[in-house]
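First comes the structure, then the notes that go with it.
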There are 2 protein chains.
Amino acid sequence: MKRTKSRATSFDVAALAGVSQSAVSRAFTPGSSIAEDKRAKVLEAARMLNYVPNSIASSLTTKRTNIIALILGNMHNPFYVHVLNEFSRRLQGLGRQILIFTVDPGSESDDAILRALQYQIDGVILTAAQLSTRMTSICHERGIPIVLFNRYIPGSDASGVRCDNVGGGRLIAEAFLAAGAKSFAMITGDPKGTTSQDRVRGFVERLMEEGVRRSEIEEVPGHSSYDGAASAALSLFAARSRPRPDALFGINDIMAMGAIDALRHRLGLRIPDDLMVGGFDDIPEARRAPYKLTTVRQPIDQMVARTLELMHLDEPDRPIERGIDLPLPSRLVWRGTVPVPPAFRAAAAEAAAADRPESG
Amino acid sequence: MKRTKSRATSFDVAALAGVSQSAVSRAFTPGSSIAEDKRAKVLEAARMLNYVPNSIASSLTTKRTNIIALILGNMHNPFYVHVLNEFSRRLQGLGRQILIFTVDPGSESDDAILRALQYQIDGVILTAAQLSTRMTSICHERGIPIVLFNRYIPGSDASGVRCDNVGGGRLIAEAFLAAGAKSFAMITGDPKGTTSQDRVRGFVERLMEEGVRRSEIEEVPGHSSYDGAASAALSLFAARSRPRPDALFGINDIMAMGAIDALRHRLGLRIPDDLMVGGFDDIPEARRAPYKLTTVRQPIDQMVARTLELMHLDEPDRPIERGIDLPLPSRLVWRGTVPVPPAFRAAAAEAAAADRPESG
DNA sequence: GCAAGTATTGAATGCGTATTCAACGGTCGC
DNA sequence: GCGACCGTTGAATACGCATTCAATACTTGC
């Protein structure tokens, strides 16, 4: 059992194969000029020595690490877990690695980005937290693209990918109205986040178009978590003088789920009989039997794809796309938490059919 | 808007501060010998240039990257999401970064580890997939510790951390017996994984001690997923000639949840009245209102702490701990899916009290 | 006030690889 | 059969930083 902590270098391989170090480097660099038989000899020698190319050393000269920083906040929201999963799958397929940073939701991401920069990452994907303009320009000056995922920052130079949250909020309002709801409430997320704000805005906007007054739409913060939403829902529905709202919008699915569980099991409310509920995101959990949540689907695949396009990892010299904000279309998925009006029967049947297998 | 993709180097900072490059390096290296006023000058110059030390370059000489590879399989099992979260929190606190690799559950992890090795990672945490002895020795020869999390590989040189799965399986059997169950079934996970095997073994072992015959214990594979378990449960309970089992062990919580939802909502079974259900892991989701799952708690905090101890990142020169297998104690959490026998009323009340706030 | 430390400092070097550059041999076209 | 060309090759160098080493300035003890 050797204790030689020595890792074989390209020189060792070169010596064994009887070639120069350059040849070893070329043997491992696709597209470089090397004779096939020589390459074979090198690979054979490398195999014998358990040689693994040192990406760290090579990135010193290539200026590319093939590492992408992914900054995550709330991993208790399954939405971001699926996002992480999707990015991981895609980036691995492109030969890239993911360096993970978790930050407190709502806090500054500057620290995390600074740590990431030390590793000369090729790009940053930000799914949480705030981003200062200073940090944005530091990254851009270095040629490192930053993409905001599921958020945007007004006036920021950083590009972002998200879905049409305002439109999605409107879709939920529309569904509630079609189902005959008269009084409304919502459980909101991060008050500083544009995502929550936009969903609220679309929802309210649409209701007001139908003559609902803003003061009639109740609003409680749910802190973007299952538990937070459960408490919020209870505070909203327990012990009140006003008549209960008959439609509740959870700004994201995990909060809608928390609200549903609390209202059903603590207050005995029946859904959708006593109360209709709408969510947002369409996480896989939303289609599970206890919820069958009517919600707005975010096109995660497209969002991930667009994010990668925006970073154009294969063309590092192309100038960075600045200030781009790409809202992708969202769509309503009819399930069981909002009574389906006759006009939407077909859509609901379609959703039910699509729900058979849970993705993954 | 500069287009200088040039990142300032320690030489640039040195020039601006009027010192040598060595001084810059020392200014950023805690514990190195440098006068306080000079360090201040360096830091000031660094700030002006937006200088960020290049960890990649420094690791070339220090032989330490402060990067840990975390290999994940099934991110659809919330258990591993919480594990990831915990590792991220802890490792960031220690100034380490996490490089994520996702692999197909059940497949070889060699590819992922090989990719990780290219980045000269300081350690590997494996929460999924198989590990070849060849890869183990490659890592060990290089002085890179590998820790198997929530698994072990018989005969492997790699160390592992897990809980007492056999004992945990026995606890569920014990609970079922105490609640008066007479006929049993289980939904199993990865048949190649020791974790699933051990839980099954403990469960069966304990039942057989009470005279239950092995052939009487039904067994269906649930593929470690919510959906897989849902199908498994339906195949187990729908259209059968034999009397239905009255106790079902889901080898992990996510499968127990899938089974519960399917049996309740598709077959109309009442839990625990018609059927008692036990799980394993105690993921946060298990305590949610629709489930209130009686399950075995894995001590994630301890497991994570032990994993980090085993890697002794701060003492890279200490010889690697080989073949260590640390089973930590697991314990039963009484909730609502198994009728609580009088003797366990106190334990159940305690669990209920502890459940008030969901962690995170 | 002098010798023996002690704390700082900068020049030089090495880490492992990619890449440039000049040299080489072989091939093709005519 | 000869020159131009192209595909290969290895020596040398750069990448950005930590560290060693020798030199220097500064203390302290007696």
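Proteins come first, then strands; the chains are lettered A, B, ... in the order of their sequence lines, and each starts at number 1.
Between B/Tyr119 atom OH and C/dT17 atom C1' the separation is 14 Å, expressed in whole Å. Spacing between atom CG of B/Asp12 and atom P of D/dC15 amounts to 11 Å, rounded to whole angstrom units. In this structure, the CG atom of A/Leu60 is 14 Å from the P atom of C/dC15, given to the nearest Å. The nearest whole Å value for the distance from the CD atom in B/Glu36 to the C1' atom in C/dT8 is 13 Å. Note: CD1 (A/Ile56) to P (C/dT17) measures 11 Å, nearest angstrom. Atom pair B/Arg142:CZ and C/dG16:P shows a separation of 11 Å (rounding to whole Å applied). When the P atom of D/dA12 is taken as reference, atom CZ of A/Phe11 falls 11 Å away, rounded to whole Å. The CD-P distance, from A/Gln21 to D/dG10, rounds to 11 Å in whole Å.
Taking only side-chain atoms of B/Ser20, from C-beta outward, the nucleotide of D/dA18, D/dG10, C/dG10 with the closest atom is C/dG10. Comparing C/dT9, C/dG10, D/dT9 by their nearest atom to the side chain of B/Val19 picks out C/dG10.
The 5' end of DNA chain C is approached more closely, in terms of each residue's nearest nucleotide, by B/Gly18 than by the other of B/Gly18 and A/Ser55.
Residue contacts shown for A/Thr62 are limited to sugar-phosphate atoms, with no base heavy atom under 4.0 Å away. Within the nucleic acid shown, B/Phe28 has no heavy atom closer than 4.0 Å to any nucleic acid atom. Contact annotation for B/Ser33: base contact, defined as any heavy-atom pair under 4.0 Å involving a base atom.
Proximity of A/Thr61 to the phosphate of C/dA18: no side-chain N or O atom is located under 4.0 Å from OP1 or OP2. Remark: B/Ser25 is not in phosphate contact with D/dC17, judged by side-chain N or O atoms under 4.0 Å from OP1 or OP2. OP1 or OP2 of D/dG16 has at least one side-chain nitrogen or oxygen of A/Lys63 nearer than 4.0 Å. Phosphate contact (OP1/OP2 of D/dT8, side-chain N/O of A/Lys38, threshold under 4.0 Å): absent.
No salt bridge links B/Arg96 with B/Asp122; every basic N to acidic carboxylate O contact stays at or beyond 4.0 Å. Between A/Glu44 and A/Lys41 there is no salt bridge, since none of the side-chain N atoms of the basic residue sits less than 4.0 Å from a carboxylate O of the acidic one.
The shortest distance between side-chain heavy atoms of B/Tyr152 and B/Thr195 does not fall below 4.5 Å.
A donor N or O paired with an acceptor N or O is found under 3.5 Å between the base of D/dA11 and the side-chain atoms of A/Ser22. A donor and an acceptor atom sit less than 3.5 Å apart, one in the side chain of A/Arg26 and one in the base of C/dT20.
For A/Phe87 and A/Tyr80, the gap between ring centers reaches or exceeds 6.0 Å.
A/Asp157 and A/Thr136 share no side-chain donor-acceptor pair at under 3.5 Å.
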